[in-house]
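Note that ligands are numbered from 1 as they come in the structure, with each ligand's atoms numbered from 1 the same way. For clarity, every value in this text was computed on a predicted model and none was experimentally measured.
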Amino acid sequence: MPAIETPVLIVGGSLVGMSAAAFLGHQGIRATVVEHHRGTAIHPRAALITQRSMEAFRTLGIERTIREESEKQFVQDGAVMAVETLAGRELAWFIANLNDGVRDVSPTVRLFITQKLLEPLLQQRAEELGADLRFASEMISFEQDLAGVTALVRHRDTGETHTIRARYMIAADGPRSRIREQLGIPLKGRGVLSNSITIYFRAPLAPVLRGRNLSVILVSNPMLRGFFRVEKPFETGFLVVNTTGDPAHPHEDLWTGLTNERCIEYLRAALGDDTTARTIDDVMKWNARADVAVRFREGRVFLAGDAAHVMPPYGGYGGNVGIQDAHALAWKLAYVLRGWAGEELLSTYEPERRPVGSLTTEQAFTRYVTREARYLDRGDLQPQVEDLNIEMGYRYRSSAVLAEPQAHDRAHANPREAGGRPGFRAPHLWLQPNVSTLDLFDRNFSLLIAQQGEGWRQAAASATRQVGVPLDAHKIECASFCDNYGVSGTGAVLVRPDGFVAWRAQSAPDSPERSVVRAFSAVLHR
Ligand SMILES: Cc1cc2nc3c(=O)[nH]c(=O)nc-3n(C[C@H](O)[C@H](O)[C@H](O)COP(=O)(O)OP(=O)(O)OC[C@H]3O[C@@H](n4cnc5c(N)ncnc54)[C@H](O)[C@@H]3O)c2cc1C
């Protein structure tokens with residue numbers, strides 16, 4: 001008999017695994033997480049959290065806490081820019097203020113908080129929601145059959161092993177995912193771009209910052225290309241170095257022959273100020289690469305986060321796409337595990353998330369090349385797409401969305417133009433002070449009803465009875481609802497628990513009840 005039985009085993013308890021545990025807990029599923037390390041992240045790594053990720057965290061009830069904690073670490077609303085050296089010449093300003101021109105599209109904001117601070121908040125929420133978190137536990141092998149997955153787990157300190165039997169498994173085991181490897185799923189894309197390093201250091205940085213509020217500072221000079229990130233009170237930070245030497249024919253391998261002295265030289269060359277005293281705390285080696293797994297699912301195992309897509313950290317997307325993989329997968333697993341949806345719903349994870357992974361990885365590659373690594377431009381770069389489109393304007397095409405016949409073919413749109421079309425994120429509108437339409441999308445599907453819509457409430461109640469799955473009905477009094485959701489005064493919109501539009505009726509059909517039951521059943525694969 002296996003020692004532990006669980007509905008979902010999550011392998012990897014870092015940013016994406018911990019997010020998945022919290023999202024599943026929110027959906028009433030108590031997952032088990034095994035994490036090799038003895039705790040959550042010890043290195044800052046990701047810090048830019050997009051509005052879409054914050055919207056997902058808002059449903060977990062931790063948005064406010066994350067915002068408060070983030071203030072302790074960074075001056076928010078900083079710029080993304082490039083310099084020759086931090087003390088020297090400025091080269092370009094890509095974004096002057098992180099939240100300029102985006103506040104209207106969401107009830108929340110983009111912010112900076114490192115994984116070191118964010119992961120414990122996710123851990124706490126996951127535990128409150130019933131997740132079983134097992135640190136210092138390494139999954140050493142697994143096999144799957146038609147009914148589930150059996151994993152062998154070893155405790156790092158005691159050496160003891162035990163098995164865990166799960167209905168489904170999420171591989172959140174990072175860029176070198178052994179699960180992905182064991183499943184024989186190859187990565188496809190641009191490959192490894194460099195053997196990069198992150199130098200964590202201490203130095204009095206206020207004099208070289210000169211009062212500028214800078215979130216990400218790209219550095220490009222004849223000695224090196226990379227970027228700085230600086231934390232409050234401007235005495236600690238990191239310098240990423242991707243390549244060194246001649247920008248046209250650079251060294252891409254920073255690992256070979258790396259010494260503390262060389263790291264000090266890199267710091268000096270990036271700071272451009274010899275007088276600044278500096279101490280190196282740690283150096284991390286990692287591959288900058290731009291690749292996507294060719295499949296996101298094999299049987300009962302789902303890839304999420306860096307296990308599914310690895311991208312250079314240019315744009316700050318990698319962790320965010322992973323958080324959204326977890327958010328997208330959690331409700332589907334929960335609905336299938338509860339018997340509310342047919343198992344086929346799980347087949348929609350890959351067609352929805354893989355295109356997002358591919359788009360985002362290519363866009364991160366484009367930013368890497370145009371901002372730091374021109375020598376990689378072989379004339380096949382994807383043109384740069386707006387950040388907002390990448391962050392929350394992507395469109396899902398799958399059988400969990402009832403697309404409209406005249407739907408245009410674009411894979412993404414500015415969220416202001418998505419217009420409530422099926423497959424896009426449902427737009428944010430303020431309903432009351434600090435209550436957004438997005439706050440209606442929680443555990444259940446929602447039917448949003450325009451002001452003069454008749455018969456929709458009864459239709460939702462009837463669908464709940466007939467399908468046996470709760471469907472919440474909300475009449476939306478907001479004047480701009482029809483414009484933003486693309487319906488007339490008598491229409492209605494069906495929104496999934498992840499906040500994506502599943503179906504809409506632009507005006508009242510002959511039988512709202514029949515239409516809603518049909519759409520709801522189809523999306524749930526019932
Ligand atoms: C310098 C830098 C800056 C970045 N900045 C940003 C940013 O601003 N915004 C952003 O969105 N992204 C950023 N990223 C990317 C982001 O850090 C990653 O996308 C994110 O950490 C991926 O999370 P993950 O949980 O999928 O994988 P990981 O963080 O790699 O976690 C995988 C976990 O799985 C565990 N594990 C692996 N195998 C096993 C096993 N067999 N058993 C048990 N446990 C196992 C590991 O111990 C690890 O904790 C940055 C990356 C770098 C390097």
Next item on the list: Determine yes or no for a side-chain-to-main-chain donor-acceptor pair under 3.5 angstrom, with Ser177 supplying the side chain and Asp173 the backbone.
Entry: no
Listed pairs under 3.5 Å, donor-acceptor, residues 229-240 side chains, sequence neighbours left out:
unit_1	atom_1	unit_2	atom_2	d
Arg229	NH1	Arg45	O	2.8
Arg229	NH2	Arg45	O	2.5
Lys232	NZ	Glu71	O	2.4

Item checked: Results of ring-ring contact (aromatic ring centres under 6.0 Å, His included) for His43 - residues two or more places apart only -> Tyr200
Margin query: On the six-membered ring of Phe94, is Arg371 placed so that its NZ or CZ lies under 6.0 angstrom from the centre and within 45° of the ring axis?
Written below: yes
Per-pair distances, ligand 1 N/O vs protein N/O, less than 3.5 Å:
unit_1	atom_1	unit_2	atom_2	d
ligand 1	8 (O)	Ala47	N	3.1
ligand 1	8 (O)	Leu48	N	3.0
ligand 1	9 (N)	Leu48	O	3.3
ligand 1	9 (N)	Gly316	O	3.2
ligand 1	11 (O)	Gly316	O	3.2
ligand 1	11 (O)	Gly319	N	2.8
ligand 1	11 (O)	Asn320	N	3.0
ligand 1	11 (O)	Asn320	ND2	3.0
ligand 1	12 (N)	Gly319	N	2.9
ligand 1	17 (O)	Gln115	OE1	2.8
ligand 1	19 (O)	Asp306	OD1	2.7
ligand 1	19 (O)	Asp306	OD2	3.4
ligand 1	19 (O)	Gly319	N	3.1
ligand 1	21 (O)	Gln115	OE1	3.2
ligand 1	21 (O)	Gln115	NE2	3.4
ligand 1	25 (O)	Val16	N	3.0
ligand 1	26 (O)	Asp306	N	3.0
ligand 1	29 (O)	Ser14	OG	3.2
ligand 1	29 (O)	Arg45	NH1	3.0
ligand 1	29 (O)	Arg45	NH2	3.2
ligand 1	41 (N)	Met139	O	3.0
ligand 1	42 (N)	Met139	N	3.0
ligand 1	44 (N)	His36	N	3.1
ligand 1	47 (O)	Glu35	OE2	2.6
ligand 1	47 (O)	His37	ND1	3.3
ligand 1	49 (O)	Glu35	OE1	2.8
ligand 1	49 (O)	Glu35	OE2	3.0

Next item on the list: Please confirm whether Arg353 makes a cation-pi placement over Tyr394, using NZ or CZ under 6.0 Å from the six-membered ring centre and within 45° of the ring normal.
Entry: yes
Show every donor-acceptor pair shorter than 3.5 Å between a side-chain atom in residues 300-307 and any protein atom, with sequence neighbours excluded, or say none if there are none.
unit_1	atom_1	unit_2	atom_2	d
Arg300	NE	Leu146	O	3.0
Arg300	NH1	Arg167	O	2.8
Arg300	NH2	Leu146	O	3.0

